[in-house]
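Written out below as structure tokens is the structure these notes cover.
When reading the values below, keep in mind they use all heavy atoms of this one structure, side chains included, and skip hydrogens, waters and symmetry mates.
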Amino acid sequence: MTQKVPVNVPKLTMATTEVTFLEWLVPDGTAVTEEEPIYVVATDKVENEVNAPASGILRHGTAEPEEVYPVGTQIATIETA
């Protein structure tokens, strides 16, 4: 049975409350491995690649480039076998 693992905006530093989504590094529907970089976000100080929390098929959510998202917002899912 397929499980869906949420992909959430991470808390990058103690002070981070929101990030700007910059780009997907992996196309929608692509197989990814745990810890593989899948998207890029920016804070007011730095850009960070964010890794997949699990292995499976990445399904993009509604995240759009240059949009701001609060920490913890689900922006995608990974379908695992």
Would you compute the distance between atom [atom1] of [X] and atom [atom2] of [Y] and round it to the nearest 0.5 angstrom?
{"X": "E64", "Y": "E23", "atom1": "CD", "atom2": "CD", "value": "13.5 Å"}
{"X": "R59", "Y": "T77", "atom1": "CZ", "atom2": "OG1", "value": "7.5 Å"}
{"X": "Y39", "Y": "L22", "atom1": "OH", "atom2": "CG", "value": "11.0 Å"}
{"X": "I75", "Y": "I38", "atom1": "CD1", "atom2": "CD1", "value": "7.0 Å"}
{"X": "Q74", "Y": "K4", "atom1": "CD", "atom2": "NZ", "value": "9.5 Å"}
{"X": "L58", "Y": "E79", "atom1": "CG", "atom2": "CD", "value": "9.5 Å"}

Problem - Identified side-chain contact (heavy atoms from CB on, under 4.5 Å) counterpart of V41 within the set V46, T20, L12, V9 - result: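 Single side-chain contact (heavy atoms from CB on, under 4.5 Å) partner of V41 among V46, T20, L12, V9: L12.
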Problem - Path from V7 to V26 over hydrophobic side-chain contacts below 4.5 Å - result: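 Linked, V7 and V26 end up in one cluster.
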Closest approach of [X] and [Y], non-hydrogen atoms and distance?
{"X": "E47", "Y": "A42", "value": "CG-CB, 4.0 Å"}
{"X": "I78", "Y": "P53", "value": "CD1-CD, 3.6 Å"}
{"X": "V32", "Y": "A54", "value": "CG2-O, 4.1 Å"}
{"X": "V71", "Y": "P10", "value": "CG2-O, 3.8 Å"}

Exercise for the section: Indicate the ring-plane relationship of Y69 and F21, choosing parallel, tilted or perpendicular according to the 30° and 60° boundaries. Expected result: perpendicular
Practice task
Keeping the roles fixed (side chain from T43, backbone from V19), state whether a donor-acceptor pair exists under 3.5 Å.
Solution key: no
Exercise for the section: Say whether, by atom type as modelled, one donor and one acceptor occur between the side chain of H60 and the main chain of W24 under 3.5 angstrom. Expected result: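 Not a single qualifying donor-acceptor pair exists.
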Practice task
Starting from the C-alpha separation in whole Å, work towards a yes-or-no answer on side-chain contact (heavy atoms from CB on, under 4.5 Å) for L25 and V40.
Solution key: CA-CA 7 Å; L25 299 175; V40 180; 3.7 Å; yes
Practice task
Check step by step if side-chain contact (heavy atoms from CB on, under 4.5 Å) holds for E36 and N51.
Solution key: CA-CA 5 Å; E36 175 183 349; N51 297 335; over 6 Å; no
Handout entry: Neighbour count >12 (heavy atoms, 6.0 Å) for atom CD, Q3
Key = no
